[in-house]
Every structure is written in structure tokens, then in C-alpha cells.
S.K.: 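Have a look at this one.
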Amino acid sequence: MRMTRMFGKTLRQDPAEAETASHRLFLKAGFIHQIASGVYAYLPIALRTIHKIEQIIREEMEAAGAQELKMPSLQPLELWDQTNRATAFGPNLMRLKDRRDREMVIAPTHEEVVTLLARLSVQSYRDLPMNVFQIQTKFRDEPRPRAGLIRVREFDMKDAYSFDADEEALDLTYRRMLTAYQNIYRRCGLPFMTVEADSGAIGGKDSHEFILPTESGEDLILFCTNGDYAANVERAASRRGEVPKEEPLALEEVHTLGVRTIQELADFLSVPAQKTLKAVFYVSGGEMVFVTLRGDLEVNEVKLNNLLHGENLHIATDEEVKRAGLVAGSASPVGLKGVKIVADTSINEGGNFVAGANREDYHLRNANPGRDFEPDLVADIAQAAAGQGCPTCDGILDSTKGIEVGHIFKLGTFFSETLGAHFLDQEGQQKPLIMGCYGIGVGRLMAAAIEQSHDDAGMIWAAPIAPYQVHLVALNADNPEVALQAEALYKDMRDAGLEVLFDDRPETAGVKFNDADLLGLPIRVVISPRTIKASEVELKLRSGGEAIKVPQGEALEQVKALLAD
RNA sequence: CGGGGCGUAGCGCAGCGGCAGCGCGCCUGGUUUGGGACCAGGAGGUCGGCGGUUCAAAUCCGCCCGCCCCGACCA
């Protein structure tokens with residue numbers, strides 16, 4: 001591609017609206033243009049990378065036995081009412097009416113439709129396993145799109161959907177897809193982590209996310225430094241510091257004037273935070289829930305919500321707390337009546353806790369579960385944190401931020417049962433198809449790759465997904481010798497199958513070098529009066545190192561050799 | 001939805017009652033030529049929209065729309 005002919009220009013100044021690196025660089029380099037909040041046009045150079053990612057995905061999906069199909073973006077709302085997901089998605093589901101006043105949606109994902117298709121296509125265990133995928137535009141009316149392509153409303157997603165006869169078969173499919181996903185990121189040239197993930201309300205027991213570690217990521221990952229465990233904080237378990245079990249002592253009320261927080265309480269009574277009980281009030285499904293856990297830990301709301309199977313879990317408002325007769329700052333499970341008590345397993349380690357007295361400015365010493373109060377539910381509802389112990393070995397957990405660029409689930413039979421997608425097994429029994437789903441946000445993957453790999457000057461593309469492999473820069477392009485040699489090398493490289501962006505613009509050296517750094521193609525090739533005089537060509541890797549000079553006749557072979565590394 | 005900020009030329013911004021400006025980019029001519037060159041000439045605007053105040057509104061007031069950031073939210 002000649003830059004004089006390319007649709008989409010680079011900017012000299014940073015766009016004001018972008019803060020995140022990938023957003024700023026994509027706008028500056030002419031990759032994308034925003035049309036509405038969370039809605040972008042993808043200009044030709046960006047689309048090249050999108051296509052490369054898609055091609056890798058297609059190949060790996062097909063290698064894993066999935067077949068590509070296409071499904072409608074516009075769907076009847078009725079279909080979403082059948083699975084109750086119109087409610088579950090809420091305002092994120094984009095609704096509209098057609099000319100006959102029929103209520104439609106723009107699909108945020110395609111489980112409903114694919115299940116209908118499977119109902120038609122799969123009737124016997126002989127048809128199983130079956131696996132299909134799509135790469136299509138989906139729409140979610142996100143409350144707050146942000147960071148350019150990282151969180152958008154309209155986005156292209158690869159989704160695969162699998163159908164199996166039983167759990168064992170699903171396990172096989174799931175593992176094959178997990179491997180395919182790892183192949184995809186590896187082939188894209190991106191460092192990634194495979195982590196255990198929360199499977200959401202409908203998901204089955206297994207779920208993994210694929211994370212590109214980067215500081216600007218929205219997700220927090222906990223991983224064992226021994227390398228055998230990694231999980232999203234939403235899901236992560238951990239071993240907390242050992243606390244010896246104590247003989248219960250007599251309950252004792254103490255005056256704690258003005259003490260409100262756990263830290264103040266621990267300081268005031270000169271006890272460590274893990275000898276206190278923290279109290280947090282939630283409302284789940286309209287019901288007040290009293291949550292208690294050791295004072296040094298934090299509530300994991302995802303775990304709590306899963307435990308309560310609830311809808312609309314939120315921290316209770318002051319109003320709701322007051323109405324339930326609770327005393328914020330001195331609340332206690334001891335003597336509490338008429339409110340569901342949910343405790344974290346940490347309350348069973350140690351004992352003789354300091355708890356609230358349900359009375360302003362008073363606390364209780366030596367509160368013990370079982371003797372002084374009885375939780376309705378005890379489960380792991382605490383947030384894991386760096387420094388705590390790995391749940392599967394004796395290692396220590398560390399944490400990193402990252403961007404979720406893929407998520408795979410075992411869905412089970414929710415959709416097949418709800419929409420009547422059954423098959424006959426070997427005994428002639430009718431059974432629901434067992435489903436899995438496997439998603440990758442393509443645009444987000446492109447953006448995450450740049451979040452992870454850029455410097456002050458611009459992007460640094462991994463070769464497999466770079467828009468072009470070679471950036472051919474002709475300095476003094478109007479110099480006939482430069483033009484002649486640059487044109488010849490441009491042709492030779494393309495004939496050799498290389499993808500070349502040819503900067504044939506009549507710009508000065510500074511402009512061209514800066515644009516080359518901005519676009520970040522793997523190899524920069526320079527031809528100038530200076531290189532011609534020396535019968536050389538200059539090569540430089542965007543990823544680092546000094547420029548090297550090679551004899552004119554060897555330029556093509558050297559470029560190919562560098563790309564092969 | 002709560003809090004904060006911003007809408008003026010393609011991009012970045014100034015102007016804040018009295019002729020719509022600057023830098024970059026763009027066009028023409030010339031000089032330059034290895035890290036965002038220089039000179040000269042030029043094109044480009046419903047100042048987000050609607051209404052109000054005023055002799056006069058980009059500027060003051062009201063309503064609306066859009067966009068960004070933080071939070072809530074997030075298969």
C-alpha cells in the first residue's frame with residue numbers, strides 16, 4: 001500500500017478525547033473514528049489487523065472441529081422473553097420496533113438463535129458432538145463505553161457454541177476449545193494468562209478467561225508464584241493466615257466511643273484486625289442480608305451474589321439499614337433477629353472476636369460463632385488478595401491487572417431445556433443438549449495488544465497481527481534515484497509475498513520516521529540518497545535495537561530473515 | 001443513574017457583550033531535505049441545537065442534545 005493513496009491519515013497532535021494508550025494511538029494513527037459513544041468505524045489499516053486476528057481464529061476454530069455460520073443481528077424480542085434474558089440483560093439489550101410495530105432487539109449475543117438452529121439440526125446422539133461458530137457484530141447498550149475499543153457498544157465477536165450428549169463429552173469439547181484459545185493468542189504473538197473465572201448466574205461449573213496482563217486492564221488476576229493457579233479476583237480462592245483456635249471466653253461489653261471503622265476498633269482495643277468481625281449490609285432480591293467476615297478481609301460481591309442466587313445485589317442504603325433496625329458501626333450478628341446472616345468461613349478460624357453490640361458506641365469482646373450467634377449460611381465470600389496463600393499449593397499469591405480478551409463457559413442445559421433442543425440417546429431417551437460457549441472480542445483483542453505493547457512514540461505490533469510487516473520509507477521520494485530503487489524494492493518485496501506499507505509521500509524525514517514509529521510495523525526499511533551513495537539499505541526493528549545497514553542486493557533476503565525470527 | 005469536565009475550521013486550542021482568531025494540517029508557487037523544515041500567497045466556520053435578555057450574543061439566562069473522565073453497572 002502506498003501512503004499517498006491510503007484512506008485514513010495520521011494526526012500530528014494527540015486527540016484530546018483519548019486517555020488510554022490504544023485509544024489515543026488508534027485515533028492518532030488513523031485506525032478508527034468514533035461515530036457515537038462506543039460506536040466506531042474501522043479504517044482500512046485497522047481492518048487489516050482485524051482480518052488477521054479473525055483468520056487465526058477461523059483456522060484454530062476449524063482445527064478444533066467448529067464450523068462457521070452466520071446468524072441475524074436483528075431478532076424478535078419474543079425469543080429473548082422465552083429465556084427471560086430480556087430481563088437479565090435489562091437496558092443493555094437494544095430494543096427497537098419494525099414498521100409493523102413488532103418489537104425487535106439487536107442481538108447482544110446469540111445463544112437463543114443457535115439453540116433454535118441446533119434444535120432443527122441435531123436430533124440424535126449420532127449428530128453429536130456438534131460445534132459451530134460465528135464472527136459477527138453484536139450490540140450491548142453499555143452504561144459507560146470507555147477506553148476506545150476496550151469497552152464499546154457495537155463490537156465484533158467470535159462466539160462458538162458446542163453441543164454434546166453428556167458431561168464427559170462436554171469436558172472433552174471444553175478442553176479442546178481451551179487449547180484452541182491458547183493456540184490463538186500464542187499465534188497472535190501475545191503474552192496471555194489462562195485464569196479460572198466466575199461463570200455467572202446461568203453458567204455451569206467450569207469457566208476460564210484469557211487475560212492480557214497490562215496495567216490499564218479492568219480485571220484483577222490473582223496467581224500463584226509457583227505457577228499452578230490463576231484466577232480472576234471475582235472467583236479466586238485463597239488461604240488466609242493461620243489463626244489458632246481459642247477456648248471461648250465470657251462475652252464482655254466494652255464502651256467504644258466514636259469508633260466506627262475496623263481500623264479504629266483494632267487500634268482502640270489493641271487487637272489485630274483479624275480478631276474482629278466486620279459487618280456489611282446488603283440487599284439481595286429485596287431482602288436485607290447481614291454479612292459478616294473477619295475484619296482483615298473484604299467481601300467478594302460476586303461470590304456473595306452466587307451464594308444468594310439473588311438479583312440486584314447491592315450495598316444497603318442508609319435508609320434500608322435504618323429500616324431494618326441495624327446500627328452501622330456497631331452492628332453485630334450477636335442477638336440479631338429477623339435478618340438473614342451470611343458468614344465467611346474465616347469466622348471459624350480463631351475465635352473470641354470483637355463484634356458490634358448492636359448499640360451505638362459499644363462492642364462485644366469474645367464473640368464466638370455457634371455459642372453467641374448462628375449464621376444462616378457459611379461460605380467462602382471473601383476477596384482473595386496478593387500475599388495470601390495459594391489454594392492449591394503452599395505458594396503465595398501475587399496479583400496483576402489485565403484485559404479480558406476471551407471467555408469460555410460450560411453452559412449446561414439452560415438454553416436447550418428452555419427452548420426445547422433435545423436429542424435421542426442410544427436408549428431412545430429424549431435429553432436436552434449440553435452446551436458450551438466460547439467468546440473472543442476481536443476489536444478488544446486488537447486494542448489490548450497495543451495496551452500491552454507500545455511506547456511513547458507509538459504502537460509496537462507483534463508481526464502476526466501487524467497491519468503490514470514492512471514499512472518502506474523513501475526519503476526524498478522525489479529524487480529519481482531514490483524513487484527508482486524504492487519502487488523496485490517495493491515490487492520485489494510484494495512479489496516475495498511480503499505485506500508492505502510504502503511511504504512514498506513528499507514529506508520530510510522527521511515526519512516519516514515519526515509516522516513509522518507511530519504505526520509500529522515490525523520492520524522499517526529506509527532508502528535515501530545517503531543509502532544509495534553507500535549502495536546500502538537501512539533496516540530497523542520497531543521492537544528495539546539499532547538500525548543495521550545491509551548491501552542493496554541483500555535487502556529482501558535480510559528482511560525475510562528478520563521476519564522469520 | 002450519581003459526581004466532575006467539555007462542545008468555536010479536519011485536529012489541538014484561545015476569545016467570554018461590539019467585524020470569528022491562533023497553532024498544526026490542507027491548496028498554489030519557491031527554497032529545503034536523516035527525527036514533526038522555511039518563505040510568500042490562499043481555501044476552509046449554521047461558534048452543538050432551540051428559545052430568551054439586549055441597540056448588539058460564540059460571549060449573559062433557560063431548556064435540550066452530544067462527548068470525555070470517576071463511580072455504579074458489566075456472560
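The analysis underlying the following values was restricted to heavy atoms, covering all of them including side chains, and did not include hydrogens, waters or symmetry mates.
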S.K.: How close or far is atom C1' of B:A75 from atom CH2 of A:W80, stated in whole angstroms?
M.R.: 10 Å
S.K.: What does the list of N/O pairs under 3.5 Å between the protein and nucleotides 12-16 of chain B look like, with a distance for each?
M.R.:
{"residue": "B:G12", "atom": "OP1", "partner": "A:A16", "partner atom": "N", "Å": "3.2"}

S.K.: Quick one: what's the B/S/- string for nucleotides 26-37 of chain B, heavy-atom cutoff under 4.0 Å, read 5' to 3'?
M.R.: -------BBBBB
S.K.: What is the distance, rounded to the nearest whole Å, between atom CG of A:L93 and atom C1' of B:A75?
M.R.: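 To the nearest whole Å, that distance equals 13 Å.
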S.K.: With a non-hydrogen cut-off below 4.0 angstrom, is A:A147 in contact with a base, only sugar-phosphate, or nothing?
M.R.: sugar-phosphate
S.K.: Using atom P of each nucleotide, how far apart are B:A14 and B:C63 to the nearest Å?
M.R.: 25 Å
S.K.: Could you check whether any side-chain heavy atom of A:T115 comes within less than 4.5 Å of a side-chain heavy atom of A:L433, counting everything from C-beta outward?
M.R.: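 They are not in side-chain contact.
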S.K.: Between B:G41 and B:C22, how far apart are the two P atoms, rounded to whole Å?
M.R.: 13 Å
S.K.: May I have the distance from A:E404 (atom CD) to B:A75 (atom C1'), rounded to whole angstrom?
M.R.: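 So the two atoms are 8 Å apart, to the nearest Å.
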S.K.: What is the distance, to the nearest angstrom, from the CD atom on A:Q34 to the P atom on B:G7?
M.R.: 17 Å
S.K.: Assign the ring pair A:F281 / A:F290 to parallel, tilted or perpendicular, where the plane angle (0 to 90°) is split at 30° and 60°.
M.R.: tilted
S.K.: Less than 6.0 Å separating the ring centroids of A:H208 and A:Y174?
M.R.: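 For A:H208 and A:Y174, the ring centres are under 6.0 Å apart.
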S.K.: Could you check how far CD of A:E142 sits from C1' of B:C1, rounded to whole Å?
M.R.: 15 Å
S.K.: Measure centre to centre between the rings of A:Y229 and A:F223, then say whether the value is under 6.0 Å.
M.R.: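 Here the rings of A:F223 and A:Y229 have centres that are no less than 6.0 Å from each other.
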S.K.: Output the rounded distance in Å from CD (A:E218) to P (B:A75).
M.R.: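 So the CD-P distance, A:E218 to B:A75, works out to 12 Å.
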S.K.: Just how far, in rounded Å, is C1' of B:A75 from CG of A:L411?
M.R.: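 For the pair A:L411 CG and B:A75 C1', the rounded distance is 9 Å.
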S.K.: Side chain of A:P143 only, please: which of B:C68, B:C70, B:C73 is the nearest?
M.R.: B:C73
S.K.: Whole-Å distance between B:G2 C1' and A:R144 CZ?
M.R.: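 Spelled out: CZ on A:R144 to C1' on B:G2 is 12 Å.
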S.K.: Could you give the distance from CZ (A:R175) to CG (A:L170), rounded to the nearest 0.5 Å?
M.R.: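 A:R175 CZ to A:L170 CG: 10.0 Å, rounded to 0.5 Å.
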S.K.: A:R146 side chain: which of B:C68, B:C70, B:A75 is closest?
M.R.: B:C70
S.K.: What is the nucleic acid contact for A:A36, judged by heavy atoms within less than 4.0 Å: base, sugar-phosphate only, or nothing?
M.R.: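 The answer is sugar-phosphate, as A:A36 gets under 4.0 Å only of primed atoms, P, OP1 or OP2.
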